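Step one of this worksheet: look at the structure below.
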Protein chains: 2
Amino acid sequence: MAGETRSKDLGKDLGKDLGKFGQLDFPRPLTTVDVVIFAILNDSLQVLLVQRPAGEGEPFPLGWALPGGFVDVAKDRDLAACAARKLREKTGVTSPYLEQLGSWGSATRDPRGWSATHAYFALIPDDAGELAPDARWFPLPGGRLKDKLAFDHGDILATAIQRLRNKVEYTSLPAYLMPAEFTLPDLQRVYEIVLDRPLEKSAFRTRILSADMIEPVAKMRRGPNRPAQLYRLKKGREPVYFVRTFNPPE
Amino acid sequence: MAGETRSKDLGKDLGKDLGKFGQLDFPRPLTTVDVVIFAILNDSLQVLLVQRPAGEGEPFPLGWALPGGFVDVAKDRDLAACAARKLREKTGVTSPYLEQLGSWGSATRDPRGWSATHAYFALIPDDAGELAPDARWFPLPGGRLKDKLAFDHGDILATAIQRLRNKVEYTSLPAYLMPAEFTLPDLQRVYEIVLDRPLEKSAFRTRILSADMIEPVAKMRRGPNRPAQLYRLKKGREPVYFVRTFNPPE
DNA sequence: CTAAGTAAGTTGGACTGTACAACTAAGTGT
DNA sequence: ACACTTAGTTGTACAGTCCAACTTACTTAG
């Protein structure tokens, strides 16, 4: 990092911070964090979006965007804390699955100047906390969002969906989308919703049960037919990685 | 992103950029890009590091660090271009495998202030271009570096190694570490070096050959024993993802 | 009280690809 | 000619999925 010679003619007096360190008098990109928050609602994969404010000189007024915002160098110790704060502010959820997705930075993605965003993606259960008033869930039929998003958030969302689908093939990630107690057919349905294809019942059960990620509770889900065993996530479990993917179609 | 109300008492006059957009008068983190560059040299996995300058007020003077530096908002169109520039400046290589690794940002990782780095990782062949004078290859025996690195670059390197090893289990990534022409035993040796464990010869060959990623050239590698078929990467091939990992030990 | 219906969960044979190990092939050096 | 070494193949065992049929346990209609 740093320490290289730089052209002095870059102009602008952004980023003046000449304490004991020199060489810092050059323009700095804007730094933001955005979070792609997924949940299963109404048997479909949905993403949480917030509406942009309509204020003076706001980019993409009233457009829909990923929850996020500038890094606050006073409040945020690090990027993950910043992402967790955004998530908490919009959903009330505090301890979900939160993973870094990647970063997007360019001269043109924000009309206010060179900017870089650090994107995270989160999985939360259906029954999680209170939604912020400017936030709304959007379904993703066929893994796509109908609407255009502000900034390059469409690209970020597409990447998040791709990553989610990809990882669901060989990990236990969907477990984080489940409520506290669930049945194996429930879990299988969530896998199928995310992957958008049916899975083999017996292979699915064998795989999940031998992964040591869930444990039965002493209750059954009752319904109009044969009751199903309820399970819960073993607490403190990291996601499990399987040595095979679910066999992909063709 | 953005558009939220902010405390005005953050002080500092960094990031003044009051054109048609308001709300931008708050301190901005430093933005850098770092690249973890891997190659196989002397039958072992190595990483390229550069020595920090010793100048006035430089952090970690003469320490070893990942190649990288500040984003130059005048030169760099986007983050990937910036990473490619760093790679080119240090190694002369222009078109290798370059993948985003993640980002690290916190108040404390750089003594000059709140900073965020966008880390990339690159795989280049042994026989690639000319090394910069301040750069040196460091071996990674057992997937570890002996020396301590500047900033949090030790963490970043460890993450890169982990990601590399992980992906080598189920992808064709090692192909990008190979010279233009190579034999299957050569390739297997590289897999084994990265994974630090032996692989099954017949299963390896079946897998690689059925992945349609390499093609034979009309030559054999001659040596003191049976000649081996030479192959090259099919050009323009994206990395291949296998549906199983190599069966992990125990 | 029984029969039909439905979803949960199990079982077994076919198939795919790895594990392990022995084997054949093609060159060199003595 | 023979040993030696590495390239590459072959065959049996095994693990886990695929596919399909089956049993189990409950509700509801008649």
Side-chain angles (χ1 to χ4, degrees), chain A residues 43 168-172 174 178 181-193 195 197-232 240-250, chain B residues 43 168-172 174 178-179 181-193 195-232 240-250:
Chain A
D43 257 27
V168 164
E169 292 278 0
Y170 60 92
T171 70
S172 63
M178 306 304 291
E181 296 185 349
F182 55 88
T183 68
L184 276 177
D186 289 346
L187 183 60
Q188 184 174 345
R189 217 161 293 131
V190 170
Y191 270 88
E192 291 172 341
I193 287 168
L195 292 178
R197 75 168 193 269
L199 296 179
E200 239 4 84
K201 184 165 52 163
S202 57
F204 180 83
R205 299 176 68 93
T206 309
R207 175 184 285 212
I208 299 293
L209 289 176
S210 63
D212 189 43
M213 50 184 266
I214 60 178
E215 55 191 1
V217 299
K219 272 188 291 183
M220 306 292 274
R221 150 100 32 98
R222 312 191 64 84
N225 39 41
R226 178 172 176 172
Q229 180 64 54
L230 280 167
Y231 293 87
R232 66 168 167 234
V240 177
Y241 287 74
F242 307 118
V243 299
R244 290 199 199 178
T245 63
F246 289 106
N247 272 31
E250 111 281 0
Chain B
D43 257 28
V168 165
E169 292 278 359
Y170 60 92
T171 71
S172 62
M178 306 304 291
E181 297 184 348
F182 54 89
T183 68
L184 277 177
D186 288 346
L187 183 59
Q188 182 174 348
R189 218 161 294 131
V190 171
Y191 270 88
E192 291 173 340
I193 288 167
L195 291 177
D196 198 27
R197 74 167 193 269
L199 295 179
E200 237 7 81
K201 184 167 50 164
S202 58
F204 180 83
R205 298 177 67 94
T206 310
R207 174 185 285 213
I208 299 293
L209 289 176
S210 63
D212 187 45
M213 50 184 267
I214 60 177
E215 55 191 2
V217 299
K219 274 188 287 182
M220 306 291 276
R221 151 100 31 99
R222 311 193 66 83
N225 38 40
R226 178 172 174 173
Q229 179 64 53
L230 279 167
Y231 293 86
R232 65 166 167 235
V240 176
Y241 288 73
F242 308 117
V243 299
R244 291 198 198 177
T245 64
F246 290 107
N247 272 31
E250 113 283 0

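Note that the coordinates shown come from a computational prediction; the quantities given were computed from them, not determined experimentally. Below, chains carry the letters A, B, ... as their sequence lines are ordered, and counting in each starts from 1.
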Nearest-angstrom distance from the residue atom CZ of A:Arg207 to C1' of D:dT17: 9 Å
Interatomic distance where CZ belongs to A:Arg197 and C1' belongs to D:dC19 [whole Å]: 15 Å
A:Phe204 CZ to D:dC19 C1', straight-line distance once rounded to whole Å: 18 Å
Between C:dT18 (P) and B:Phe246 (CZ): distance, integer Å: 8 Å
Separation of atom CZ in A:Arg221 from atom C1' in D:dA25, rounded to whole Å: 16 Å
Reported CD-to-CG distance for the pair A:Gln229 and A:Leu184, which is rounded to 0.5 angstrom: 8.5 Å
With A:Glu181 via salt bridge (Lys or Arg N to Asp or Glu O under 4.0 Å) - residues at least two apart: A:Lys219
Atom pair distance, as rounded to whole Å: CD in B:Glu200 and P in D:dT10: 16 Å
Separation of C:dT18 P from A:Phe242 CZ (nearest whole Å): 19 Å
Whether A:Phe246 and A:Tyr191 hold their rings parallel, tilted or perpendicular, with breakpoints at 30° and 60°: perpendicular
Sugar-phosphate, base or nothing in reach of A:Arg222, heavy atoms under 4.0 Å: sugar-phosphate
What does the list of N/O pairs under 3.5 Å between the protein and nucleotides 7-10 of chain C look like, with a distance for each?
residue : atom : partner  : partner atom : Å
C:dA7   : O4'  : A:Asn225 : ND2          : 2.6
C:dA8   : O3'  : A:Pro227 : O            : 3.4
C:dA8   : N3   : A:Arg226 : NH1          : 3.0
C:dG9   : OP1  : A:Gln229 : N            : 2.7
C:dG9   : OP2  : A:Arg205 : NH1          : 3.3
C:dG9   : O5'  : A:Arg205 : NH2          : 3.2
C:dG9   : N7   : A:Lys201 : NZ           : 2.7
C:dG9   : O6   : A:Lys201 : NZ           : 2.9

A:Arg244 side-chain N/O to D:dT17 phosphate OP1/OP2 under 4.0 Å: no
B:Arg189: partners by salt bridge (Lys or Arg N to Asp or Glu O under 4.0 Å), with sequence neighbours left out: B:Asp186
Side chain A:Glu192, main chain A:Leu199, donor-acceptor under 3.5 Å: yes
Of A:Arg244, A:Arg197, A:Arg207, the residue whose pairing with A:Glu169 passes salt bridge (charged side-chain N to carboxylate O under 4.0 Å, His left out): A:Arg197
